[in-house]
Amino acid sequence: MAAASFLFAVCTALSTLSGSSVTGTRSFSIDYKNHCFLKDGKPFQYISGSIHYSRIPQYYWKDRLVKMYMTGLNAVQVYVPWNFHEAVQGVHNFTGDRDLEHFLNLANQTGLLVILRPGPYICAEWEMGGLPAWLLQKPNIILRSSDADYLEAVSSWLAVLLPKIKPWLYINGGNIITVQVENEYGSYFACDYNYMRHLRTLFRFFLGEDVVLFTTDGNTDKEMTCGSLDGLYATVDFGTDTNITVAFKRQRRFEPQGPLVNSEFYTGWLDHWGDQHAMVGAQKVSRVLEEMLTMGASVNMYMFEGGTNFGYWNGADHDSRFRSVVTSYDYDAPLTEAGDPTEKLLAIRDVVKQFRDIPAGPIPPATPKFAYGFVTLEKIGNISSLLDTISPLGPVQSKYPLTFEEIKQYYGYMLYRTTLPHDLTEPTPLISPLNGVHDRAYVSVNGVFQGLLQRDTALVMNVTGKQGDTLDILVENMGRVNFGSKINDYKGLVSNLILGKDVLTGWKIYPLDIDAAISRGWPHSNSRKSVPSPRREPSAGPTLYMGTLQPNGLAWDTFLKLIEWTKGQVWINGVNLGRYWPGRGPQQTLYVPGPLLSTSLPNNITLLELEGAPAHLRIVFMDRPQLNATAGKS
Ligand SMILES: *[C@@H]1O[C@H](CO)[C@@H](O)[C@H](O)[C@H]1NC(C)=O
Ligand SMILES: *[C@@H]1O[C@H](CO)[C@@H](O)[C@H](O)[C@H]1NC(C)=O
Ligand SMILES: *[C@@H]1O[C@H](CO)[C@@H](O)[C@H](O)[C@H]1NC(C)=O
Ligand SMILES: *[C@@H]1O[C@H](CO)[C@@H](O)[C@H](O)[C@H]1NC(C)=O
Ligand SMILES: *[C@@H]1O[C@H](CO)[C@@H](O)[C@H](O)[C@H]1NC(C)=O
Ligand SMILES: *[C@@H]1O[C@H](CO)[C@@H](O)[C@H](O)[C@H]1NC(C)=O
Ligand SMILES: *[C@@H]1O[C@H](CO)[C@@H](O)[C@H](O)[C@H]1NC(C)=O
């Protein structure tokens, strides 16, 4: 039979979508004969959307899930980021914003099934594709392969995660209908079937023989060949610019029978710093969705709500050069970064309506937003004057620089300090000959900011000073590569620096834990006299600032704009909101979820500015986001 004729053997699930099992036993399986999923013995087609609990504060999970349910979706697709749950090897966190089971429970209460994607690698434009950076303590580890150390770590993690999942499987009384193994494995160079077999064995061992396991791959033969494995149902992913017939024909070559599935239908796209803001038109999305659903395909929309890369959780790409993902993961998705319904959502809902009964009633409205206005910050001090507080353990000494991974501080910032070996009266080149600044270095001599080095793009700068002067190099980890062959992305100074003709040695390396200092109440808890004018002076080079947003009885969502600030990181009431870089864009505002604001106490703002603050030292809270720099300038 020709491939095309399979395509038109449509799964006729949707007319019989609702209703529970006749026999009362719960089952979920693949009907190879009728090209369908079978739920409780009846044909089933899913219309799903991706949502990442790690990118949305817990207090908003229910709101977002209800909005998805009211759009007419019958399932949500969820990644589990390993590094979010096991930041330190052997120490697991499943509480608060990391409470996966609470999320599953809310989805179940809402009436949504779950397509779970536990990795262990997830990509997701998430730091290191979800892999914990401590894996890199073994030099030359081959991630996502049958490397013994990698497999051992994976086995330990899955032995913790999968038993938690098991009771949530649909067949066991929960809501998880299918579970993905790895993620787009075929796009990785290793193509290691032993690794995929190992995962299959673990998933089967912990989840049982009856759960539907699947793989997802990009739409090429090479990807499908390396990514699929016998016993794991092979699905494809593609966006609005792909020819649907061609894409599903390719899935058919690997799965001649069974449901057509697009596991990631792209409703939008991500932004990198310095890129144009990505958008995908609502009409295009809804038209292609309609075509796929008409073919009987099960479709997951990636993303339905993207959310935010809070803290240091953004990933990066490394194709021709290193490009870091912006803080917002709005994705131009049907629900915005702040969870608000868009035109795109309404267009999708109109399509879904043609295929299944959607719940009666309106989509819940956008949460209220408030423009709290301007706050003027004051300088706390430069990094070197604050080391006792932000690096309480003091420096590690080493002849040559050590990486973040060697120091075991995996995220954020680290200060590398040494002295100038000679007088440098003429501007003398400071060089990273092996492109070893991962990812951005802010260089000062005796407290005077001299410039910066940047991975792939600025490997030399000039320095002047005297023998014995202090050379401070603050290195920023801008997020580990999450896709492709370069995911072994060590951070810090990963190779020697050369100054003039000298290899720099004799380093003191200060791991900075600004987050811990802030969570102890610093800097706002410090009693301080008001010393207005000198403290208001901006300075060049890495400097910390503080301020307070006075409470006004409201704790509504708002958007923080850092007009004329250069690049840095912001915390409010101890929550790390992520990175800003307005000059690079396209993102101009940081999302501030309302519930983190206090209605009665001063709200504590701390800001690390890496390069240079504006003289006005003001920041502004607006009632709408600006994610498109070009639009912001109009
Ligand atoms: C676990 O994660 C939650 C939510 O992010 C956090 O509040 C809590 O402090 C973490 N627990 C530990 C022990 O680190
Ligand atoms: C999921 O929700 C259904 C319907 O409300 C309920 O009967 C069931 O017990 C829930 N399952 C779990 C695992 O909580
Ligand atoms: C998709 O590809 C098929 C087969 O190559 C072709 O016949 C069809 O015209 C294409 N559809 C579109 C919308 O380009
Ligand atoms: C840092 O601040 C201290 C104390 O105010 C000052 O003495 C020093 O010159 C400053 N250094 C830098 C890096 O600006
Ligand atoms: C460094 O200084 C030299 C001499 O002034 C100049 O020719 C060169 O362009 C400078 N290099 C950089 C990277 O600024
Ligand atoms: C801000 O910091 C001050 C001083 O430590 C503290 O009293 C206040 O409770 C903090 N505000 C909030 C909202 O936590
Ligand atoms: C960004 O804003 C500019 C100016 O309003 C507009 O021309 C452009 O189309 C916008 N880009 C996107 C992707 O919306």
Side-chain angles (χ1 to χ4, degrees), residues 2-8 52-61 80-103 126-127 132 134 160 164 219-221 236 238-253 260 262 283-284 287-292 294-295 297 307-313 410-411 424-433 437 441 443 445 449-454 457-465 497-501 513 515-516 518-521 571 573-578 593 595-596:
S5 58
F6 286 108
L7 286 174
F8 299 108
H52 298 159
Y53 60 91
S54 55
R55 285 178 160 132
I56 300 170
Q58 192 200 50
Y59 39 72
Y60 276 144
W61 289 352
V80 180
W82 178 6
N83 54 9
F84 195 58
H85 294 285
E86 193 180 354
V88 176
Q89 187 169 15
V91 181
H92 300 101
N93 189 342
F94 287 95
T95 63
D97 289 343
R98 292 167 167 80
D99 192 344
L100 170 61
E101 289 182 81
H102 181 58
F103 183 88
W126 185 259
E127 147 76 36
W134 48 258
V160 171
K164 285 185 192 292
N219 192 14
T220 65
D221 283 340
V236 288
F238 57 89
T240 51
D241 290 334
T242 298
N243 182 317
I244 303 172
T245 316
V246 171
F248 281 138
K249 263 189 195 170
R250 181 168 282 109
Q251 188 199 353
R252 275 281 169 260
R253 283 214 288 284
L260 300 174
N262 184 350
Q283 295 320 312
K284 216 169 166 184
R287 179 177 51 76
V288 178
L289 177 65
E290 183 177 352
E291 287 172 30
M292 289 188 290
T294 304
M295 292 169 87
T308 307
N309 293 309
F310 292 110
Y312 310 112
W313 289 118
Y410 299 104
Y411 308 110
L424 309 171
T425 44
E426 298 299 316
T428 305
L430 173 67
I431 308 166
S432 175
V437 172
V443 179
V445 175
F449 184 57
Q450 304 231 347
L452 55 86
L453 296 171
Q454 182 169 279
T457 53
L459 307 184
V460 55
M461 60 170 276
N462 281 333
V463 167
T464 54
L497 293 182
I498 295 180
L499 180 59
K501 296 194 181 68
D513 198 350
D515 298 81
I518 289 174
S519 68
R520 289 190 302 266
W571 293 258
N573 292 339
V575 175
N576 187 333
L577 294 180
L596 78 81

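Read the numbers this way: they start at 1 and go in the same order the structure lists the ligands and their atoms. The analysis underlying the following values was restricted to heavy atoms, covering all of them including side chains, and did not include hydrogens, waters or symmetry mates.
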Exercise. Ignoring hydrogens and geometry, is there a side-chain-to-backbone donor-acceptor pair from Q283 to R287 under 3.5 Å?
Worked result: no
For this session: Check whether any protein heavy atom sits under 4.0 Å from atom 4 (C) of ligand 5.
Result: no
For this session: Please work out which of the three classes, parallel, tilted or perpendicular, describes the rings of Y411 and Y312, given edges at 30° and 60°.
Result: parallel
Exercise. What protein heavy atom is closest to atom 13 (C) of ligand 5, reported as residue, atom name and distance in Å?
Worked result: V460 O, 4.0 Å
Exercise. Which word best sums up how the rings of F84 and W126 line up, parallel for under 30°, tilted for 30 to 60°, or perpendicular for over 60°?
Worked result: perpendicular
For this session: Mind telling me whether H102 and W61 have parallel, tilted or perpendicular rings, with 30° and 60° as the class edges?
Result: tilted
Exercise. Within 4.0 Å of atom 9 (O) of ligand 5 (strictly less), any protein heavy atom?
Worked result: no
Problem set entry | Under 4.0 Å to a heavy atom of P427 - the qualifying atoms of ligand 5, by number | 2 (O), 5 (O)
Exercise. What distance separates M461 CE from Q454 CD, expressed to the nearest 0.5 Å?
Worked result: 13.0 Å
For this session: Check ligand 3 against V246 and write out every atom of the ligand that is under 4.0 Å from a heavy-atom position of the residue.
Result: 2 (O)
For this session: Look at atom 12 (C) of ligand 5 and say which protein heavy atom is nearest, naming residue and atom and giving the distance to 0.1 Å.
Result: N462 ND2, 3.3 Å
For this session: Check whether any side-chain N or O of Q58 sits under 3.5 Å from a backbone N or O of G96 as a donor-acceptor pair, and report yes or no.
Result: yes
Seminar exercise, completed: Checking heavy atoms under 4.0 Å, the part of N243 that sits near ligand 3 is side chain
Exercise. For ligand 1, is any non-hydrogen atom under 4.0 Å from N93's backbone (N, CA, C, O), its side chain (CB onward), both, or neither?
Worked result: side chain
Exercise. Taking only heavy atoms of D97, which atoms of ligand 1 are found under 4.0 Å from at least one of them?
Worked result: 4 (C)
Exercise. Within a strict 4.5 Å, meaning less than it, do heavy atoms of the K164 and F94 side chains meet?
Worked result: yes
